[in-house]
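To start, the structure under review is shown below, and the notes come after it.
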Amino acid sequence: MSFSTAVLCPLKAQLLYEISENSSKSKSYLLATNRLVEMQFLDTIPNVFKCFGKCNKVITEFAMQDYEALAALRQAALLPDSVKLSNFYSESEYEFIDNALRINLQMGLDKLCRMKPSYLTEMFRTELLRQWMQYNEQRSMENFFESVAAERNIPVIGLDNIGETMYMLFDREPFNWQCKELLKITEYPENEIKQERTLKSMYLDGRLTEMAYQVEAPDNNTTLSFSDYKVFCQRNKEWVKRLKPHLSSGGAFITLNAIYLGGEKGLIEQLRTAGYRVRPVNRKLKIKN
């Protein structure tokens, strides 16, 4: 990748952070990501490839390259045989969801009714992002460094194990609430797109704290809301503990969704509270054409 430069000015978007301990000279790095931003954007983050080159492991939310884990996730997305999705909706609601899925996913509930509502919600949201925000998983920056690490036989470490990942994806909300959210996203898809556009804009400006506030705001009525934010905050505390041995040895390149990082309960502040020094890599940088 080439390094793109910008006009002469202090860098505003702080998306790359250095993490160190007072007792150690070893350094690790934390990169905030956004799946709607394409990998070419990495060229505009000064020193990101240099920092990656100093590291000997990549740490992410969960290891996408673990194909056995992915198979387990697909199995976990299935409803128990005793649960029928149609029992949780009125006839008109069930028909409305079915129609929305057919229009956007080219599959209706005759084929998808065995899937958990949270899985269907994520499928529907992803398709909305493809249609309205040109989301392309293959071009996304989100898993770029994880993929490069796998190609170079660099260890890729997931902060969550498979059980925790399945819980976060499919079971962190009560089943009744999952059903309500599936209905909500099919009824009001424009709310999801508006929220994602706002979060992307904040990300590109490096406004991580504002991203956290946007998600936890009381008036946020999207499917990614305050209840999810509370789960993220609790998980951040556990992640700090799990990061400790990797940060002590240094050489960790951590890539995580930006919505986990900002705010008073975000991972950056949790790391600082635990005694780590976390500061922007490019805080004093001025760049030019």
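Note that the structure is predicted; figures quoted are calculated from it, not measured. This chain uses plain numbering: 1 for the first residue, then up along the sequence.
Side-chain contact of E238 with Q234: a donor-acceptor pair under 3.5 Å is absent, judged by distance alone. With no hydrogens or angles considered, no side-chain donor-acceptor pair links S118 and E173 at under 3.5 Å. If you check the side chains of E192 and T223, you find a donor sitting under 3.5 Å from an acceptor.
Residues R125 and E122 are paired through a salt bridge, judged by an N-O separation under 4.0 Å between the basic side chain and the carboxylate. Taking the charged nitrogens against the carboxylate oxygens, R102 and D110 do have a contact shorter than 4.0 Å, which makes a salt bridge.
Y276 OH to I268 CD1: the interatomic distance, rounded to the nearest 0.5 Å, is 15.0 Å. One distance of note links OG1 of T222 with CG of N191; it measures 7.5 Å at 0.5 Å rounding. Atom CZ of F52 and atom CZ of R152 lie 5.5 Å apart (nearest 0.5 Å). L112 contributes atom CG, which lies 10.0 Å from atom CG of L85 (distance to the nearest 0.5 angstrom). One finds the OG atom of S201 at 12.0 Å from the CG atom of L36 (value rounded to the nearest 0.5 Å). In this structure, L16 CG and C51 SG are separated by 5.0 Å, a value rounded to the nearest 0.5 Å.
Between the side chain of T209 and the backbone N or O of G262 there is no donor-acceptor pair closer than 3.5 Å. Judged by distance alone, the side chain of N282 and the main-chain N or O of P46 form a donor-acceptor pair under 3.5 Å. No side-chain donor-acceptor contact under 3.5 Å links N99 to the backbone of E95. A donor-acceptor pair under 3.5 Å links the side-chain atoms of N236 to the main chain of Y260, judged by distance alone. Without hydrogens or angle criteria, N136 side chain to Q138 main chain gives a donor-acceptor distance under 3.5 Å.
Side-chain contact between M202 and Q214 is present, with heavy atoms from C-beta onward closer than 4.5 Å. You'll find the side chain of K57 reaches within 4.5 Å of the side chain of H246, heavy atoms only. Considering only heavy atoms from C-beta on, I254 comes within 4.5 Å of L256 through its side chain. Inter-residue side-chain proximity for E127 and Q131 is flagged as met; some heavy-atom pair is nearer than 4.5 Å. In this structure, E142 and N257 have side chains that are in contact, with non-hydrogen atoms separated by less than 4.5 Å. Between L120 and L109 the shortest side-chain heavy-atom distance falls below 4.5 Å. With a 4.5 Å cut-off on side-chain heavy atoms, K116 and D171 count as touching. Residues K27 and I19 are not in side-chain contact: their nearest non-hydrogen atoms beyond the backbone lie 4.5 Å or more apart.
Looking at every heavy atom in both residues, R139 comes nearest to Q134 through NH2-O, 4.3 Å. The minimum heavy-atom distance between G250 and S26, with the atom names listed, is CA-CB, 3.6 Å. Closest heavy-atom contact between F62 and T165: CB-OG1, 3.5 Å. Annotation for C55 and G251: closest pair CB-O, 3.1 Å, computed over non-hydrogen atoms. Across all their heavy atoms, R272 and V278 have their closest contact at NH2-O, 2.6 Å. In plain terms, the two heavy atoms of L199 and M211 that are nearest each other are O-CE, 3.7 Å.
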Determine, stepwise, if the pair V37 / N34 fulfils side chain to side chain contact (heavy atoms under 4.5 Å, CB included). CA-CA 6 Å; V37 177; N34 181 295; 3.9 Å; yes

Let me see the working for Q178 and T121 under side-chain hydrogen bond (donor to acceptor under 3.5 Å, both in side chains), right down to the final yes or no. CA-CA 8 Å; Q178 291 183 34; T121 295; over 6 Å; no

I would like to know whether E164 and R242 meet salt bridge (Lys or Arg N to Asp or Glu O under 4.0 Å); could you show each step before the answer? CA-CA 13 Å; E164 292 164 331; R242 296 180 185 183; 2.5 Å; yes

Are M115 and L79 close enough, and set up right, to give a side chain to side chain contact (heavy atoms under 4.5 Å, CB included), and what steps lead you there? CA-CA 5 Å; M115 312 307 295; L79 285 170; over 6 Å; no

Might you work through the salt bridge (Lys or Arg N to Asp or Glu O under 4.0 Å) test for E61 and R235, ending with a clear yes or no? CA-CA 11 Å; E61 186 171 353; R235 186 175 58 166; 2.9 Å; yes

Quick one: do L224 and I259 satisfy side chain to side chain contact (heavy atoms under 4.5 Å, CB included)? Show the steps, please. CA-CA 10 Å; L224 182 63; I259 63 173; 3.8 Å; yes

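There is no path of hydrophobic side-chain contacts, each under 4.5 Å, that joins I103 to Y135. There is no path of hydrophobic side-chain contacts, each under 4.5 Å, that joins W177 to V215. The hydrophobic clustering, which links ILVMFWY residues whose side-chain heavy atoms are closer than 4.5 Å, places L182 and V83 together. There is a path of hydrophobic side-chain contacts, each under 4.5 Å, that joins M107 to I185. Under the 4.5 Å side-chain heavy-atom criterion for ILVMFWY residues, no single connected hydrophobic cluster contains both Y213 and L267.
Annotation for Q106: atom CD counts as buried by contact number, over 12 foreign heavy atoms lying within 6.0 Å. Environment of CD in Q75: sparse, with no more than 12 heavy atoms of neighbouring residues, nucleotides or ligands closer than 6.0 Å. Under a cut-off of 6.0 angstrom, the local environment of CZ in F124 is crowded, with over 12 non-hydrogen atoms contributed by other residues, nucleotides or ligands. In the displayed structure, K184 atom NZ is contacted under 6.0 Å by more than 12 heavy atoms of other residues, nucleotides or ligands.
The ring of Y29 has its center no closer than 6.0 angstrom to the ring center of Y17.
Relative orientation of the F170 and Y119 rings is tilted, given thresholds of 30° and 60° on the angle between their planes. Ring geometry, F145 versus F49: the interplanar angle falls from 30° to 60°, so the pair is classed tilted. The aromatic rings of F88 and F175 sit perpendicular, their planes meeting at an angle over 60°, well past the 30° parallel limit. Using cut-offs of 30° and 60° on the angle between ring planes, the pair Y94 and Y89 is tilted.
Scanning for salt bridge (charged side-chain N to carboxylate O under 4.0 Å, His left out) contacts around E196 gives an empty result, with sequence neighbours left out.
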